[in-house]
Number of protein chains: 2
Amino acid sequence: MSDAAPKSGHSQRESIWRRPERGTRGPTPAHSRDDIVAAAIAIADADGLAAVSMRAVATRLETGAASLYRYLSSRDDLLDLMADRVAAELRPYPEPEGDWLDAMLRMARAQRAVHERHPWLSELSQRASAIGPEALAFFDACLRIMAPVPATPVAKFEAIGVMNGISILFARKRTAGEGFTFAGLDVGPYPHLVAALTQPPAAPPATDLFERAQRSLLCGLLATDPA
Amino acid sequence: MSDAAPKSGHSQRESIWRRPERGTRGPTPAHSRDDIVAAAIAIADADGLAAVSMRAVATRLETGAASLYRYLSSRDDLLDLMADRVAAELRPYPEPEGDWLDAMLRMARAQRAVHERHPWLSELSQRASAIGPEALAFFDACLRIMAPVPATPVAKFEAIGVMNGISILFARKRTAGEGFTFAGLDVGPYPHLVAALTQPPAAPPATDLFERAQRSLLCGLLATDPA
DNA sequence: GTAAACTGCAAACGCCGTTCGCAGTTTTTG
DNA sequence: CAAAAACTGCGAACGGCGTTTGCAGTTTAC
């Protein structure tokens with residue numbers, strides 16, 4: 001019962017980023033949060049997010065699963081840390097020189113690249129979880145770029161959210177290969193579908209489809225229209 | 001060992017929609033796929049997708065978990081069936097009368113409504129899984145609407161995918177309440193962030209933000225530009 | 001020197017998806 | 001009609017999961 005309750009009795013669980021990595025007493029730990037998060041990311045990159053079990057991470061670090069709970073308080077914490085760590089790959093942020101739209105497009109490209117490098121990241125994006133320091137820096141960088149845009153902060157946050165969504169959308173299209181199979185289903189009653197499917201696949205579409213989508217959305221969402 | 005192996009030794013698992021619901025012999029089953037899927041959807045609507053365990057679904061149907069495997073071959077099958085079943089709520093499809101863009105916007109609105117009714121649906125959208133008959137009908141309806149648009153089938157499929165993504169994005173914003181908390185993080189070094197956060201929340205943005213986003217994206221993606 | 005705070009970790013708990021085996025039911029076959 | 005085949009319902013069990021507990025050993029604080 002030595003290390004049971006924290007002093008301040010906040011009912012809501014203390015955010016992982018607030019808690020110190022370790023105290024001042026006791027033997028020096030064999031691992032660190034960073035080690036653990038790096039191991040978890042390596043597993044996720046290789047075998048997907050489902051393969052990131054506490055036991056698997058512990059095994060990769062040659063320790064026991066229970067030991068991880070000396071560094072993290074839950075698997076959700078680990079996922080939060082993973083998301084925040086790969087968010088650091090967005091750095092260095094584009095400088096807001098010249099057109100803000102160009103800078104935001106560079107940011108969007110970087111986002112898509114991160115999502116293509118770590119396909120599991122999009123699965124994390126849809127859990128409502130605590131926001132980390134890297135996400136904080138990312139938001140600030142976006143707001144800095146959009147500083148010259150005459151729109152409300154709310155609109156800018158929404159624009160960031162939509163940009164993120166579009167980046168995920170396009171990243172998934174590339175990683176997942178978009179391979180739906182209409183396997184074994186009767187497409188007979190759907191004439192438009194069979195017409196589209198029998199058409200030759202044609203050349204890949206314009207390369208800047210991603211840029212065009214981002215551009216039109218960002219401009220559209222941030223346009224100041226008379227209410 | 002009576003009901004072990006199917007006759008045709010396909011290595012890839014037979015799609016759930018191909019398999020007949022039941023054979024001709026034996027007692028009449030106490031349930032049906034539809035019962036099970038309805039129960040699962042009710043649980044997901046109430047308590048989220050994570051609460052949809054085989055045991056929970058079985059309990060709701062007052063039976064044992066193992067009994068469900070007489071109707072489904074896995075939980076993934078159940079999830080596929082759930083997704084396809086709520087996709088039926090998109091009906092009746094908008095008629096392609098008048099402007100194709102208006103019809104697609106009606107479709108997008110219907111999608112967003114479905115995602116708001118069933119917030120768990122977006123979690124299913126990102127698993128690469130077998131496509132069902134309702135999804136088939138949905139694709140056909142979209143292609144029918146976009147028939148007058150001079151674009152390649154590939155571009156149209158991508159437009160459908162992006163429309164779907166945007167619908168999810170906006171639906172999530174409404175259901176999740178967008179409540180990130182920057183709780184307990186030091187926002188000191190991020191001046192643009194604090195400036196944006198200290199600003200009064202202001203009025204909710206233009207109501208047709210969703211429509212504008214969809215419109216600009218659909219038009220942008222389907223624009224025939226000289227390659 | 002002793003107490004407090006810490007680390008590592010095996011064992012266990014309660015969930016989960018899934019499989020097995022068996023008793024009972026209905027249909028087909030001969 | 002009887003026997004075989006195909007089916008249903010489902011308790012029990014298997015292995016894996018996240019997490020908790022308890023304890024032996026280690027380091028620091030006083």
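Below, chain A is the first sequence line, B the second, and so on; all start at residue 1.
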**Student:** Under 4.0 Å between a side-chain N/O of A/Thr24 and OP1 or OP2 of D/dT28, yes or no?
**Tutor:**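 A/Thr24 to D/dT28 OP1/OP2: no side-chain N or O under 4.0 Å.
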**Student:** DNA chain C: B/Asp76 or B/Thr28, which has the more 5' nearest nucleotide?
**Tutor:**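 It is B/Asp76, whose closest nucleotide lies nearer the 5' terminus.
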**Student:** To the nearest angstrom, how far is B/Asp77 atom CG from C/dG17 atom C1'?
**Tutor:** 13 Å
**Student:** Going by modelled atom types, is there a donor-acceptor pair between the base of C/dG8 and the side chain of A/Arg70 at under 3.5 Å?
**Tutor:** yes
**Student:** From B/Glu123 CD over to B/Leu79 CG, what is the distance, rounded to the nearest 0.5 angstrom?
**Tutor:**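 The CG atom of B/Leu79 is 10.0 Å from CD of B/Glu123, to the nearest 0.5 Å.
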**Student:** Look only at the side chain of B/Gln111 and the backbone of B/Leu90, and say whether a donor-acceptor pair between them is shorter than 3.5 Å.
**Tutor:**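 Not at all, since once roles are kept as given, no pair shorter than 3.5 Å links the two residues.
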**Student:** Ignoring the backbone of B/Ala66, work out which of D/dT20, C/dG17, D/dG11 is nearest its side chain.
**Tutor:**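 Per side-chain heavy atoms of B/Ala66, the pick is D/dG11.
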**Student:** Between atom CG of B/Asn164 and atom CG of B/Leu121, what is the distance when rounded to the nearest 0.5 Å?
**Tutor:**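 Here the rounded value is 8.0 Å.
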**Student:** Remember a base hit wins even if backbone is also touched, and classify B/Ala58 as base, sugar-phosphate or nothing at under 4.0 Å, heavy atoms.
**Tutor:** nothing
**Student:** Please report the interatomic distance CG(A/Leu197) to CG(B/Leu143), rounded to the nearest 0.5 Å.
**Tutor:** 8.0 Å
**Student:** Tell me what B/Arg22 touches on the nucleic acid: a base, only sugar-phosphate, or nothing, going by heavy atoms under 4.0 Å.
**Tutor:**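 It contacts sugar-phosphate atoms only.
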**Student:** Would you indicate, yes or no, if C/dC9 has its OP1 or OP2 atom less than 4.0 angstrom from a side-chain nitrogen or oxygen of A/Thr63?
**Tutor:**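 For C/dC9, OP1 or OP2 has a side-chain N or O of A/Thr63 closer than 4.0 Å.
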**Student:** Without decimals, in angstroms, what is the distance between B/Arg19 CZ and D/dA6 P?
**Tutor:**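 The answer, rounded to whole Å, is 19 Å.
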**Student:** Return yes if some donor-acceptor pair links the side-chain N/O of B/Arg75 with the main-chain N/O of B/Val52 below 3.5 Å, else return no.
**Tutor:**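 Confirmed, B/Arg75 side chain pairs with B/Val52 backbone.
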**Student:** Rounded to the nearest angstrom, tell me the gap between atom CG in B/Leu79 and atom C1' in C/dC16.
**Tutor:** 14 Å
**Student:** In terms of the angle between their ring planes, are A/Phe170 and A/Phe210 parallel, tilted or perpendicular, with boundaries placed at 30° and 60°?
**Tutor:** perpendicular
**Student:** Of the nucleotides C/dT25, C/dT18, C/dG8, which has the atom closest to the A/Ala30 side chain?
**Tutor:**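 Of the options given, the side chain of A/Ala30 lies nearest C/dG8.
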**Student:** Thinking salt bridges, do A/Arg117 and A/Asp45 make one under a 4.0 Å N-O criterion?
**Tutor:**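 No salt bridge links A/Arg117 with A/Asp45.
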**Student:** Send over the distance from A/Leu68 CG to D/dG18 C1', rounded to a whole Å.
**Tutor:**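 For the pair A/Leu68 CG and D/dG18 C1', the rounded distance is 11 Å.
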**Student:** Where along residues 37-53 of chain A does a heavy atom fall under 4.0 Å from DNA chain D?
**Tutor:**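 Output list: A/Val52, A/Ser53.
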**Student:** Using atom CG of A/Leu72 as one end and atom P of C/dT7 as the other, report the distance to the nearest whole Å.
**Tutor:**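 Going from CG in A/Leu72 over to P in C/dT7 covers 12 Å.
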**Student:** Can you measure B/Met54 atom CE to D/dA13 atom C1' for me and round it to whole angstrom units?
**Tutor:** 17 Å
**Student:** Within this structure, what is the CG-to-P distance between A/Leu61 and C/dG8, rounded to whole angstrom?
**Tutor:** 11 Å
**Student:** With nearest nucleotides of DNA chain C determined for A/Arg25 and A/Ala65 from heavy-atom distances, which residue corresponds to the more 5′ nucleotide?
**Tutor:**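 Between the two, 5'-proximity favours A/Arg25.
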**Student:** Ignoring hydrogens and angles, are the base of D/dG18 and the side chain of A/Arg55 linked by a donor-acceptor pair under 3.5 Å?
**Tutor:** yes
**Student:** Return the minimal non-hydrogen interatomic distance between A/Ala213 and A/Ile166, and the atom names on each side.
**Tutor:** CB-CG2, 4.5 Å
**Student:** Report the distance from atom CG of B/Asp35 to atom P of D/dT8, rounded to the nearest whole Å.
**Tutor:** 14 Å
**Student:** Just to confirm, is there a sub-4.0 Å distance from OP1 or OP2 of C/dG8 to any side-chain nitrogen or oxygen of A/Tyr71?
**Tutor:**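 Yes, A/Tyr71 has a side-chain N/O under 4.0 Å of OP1/OP2 on C/dG8.
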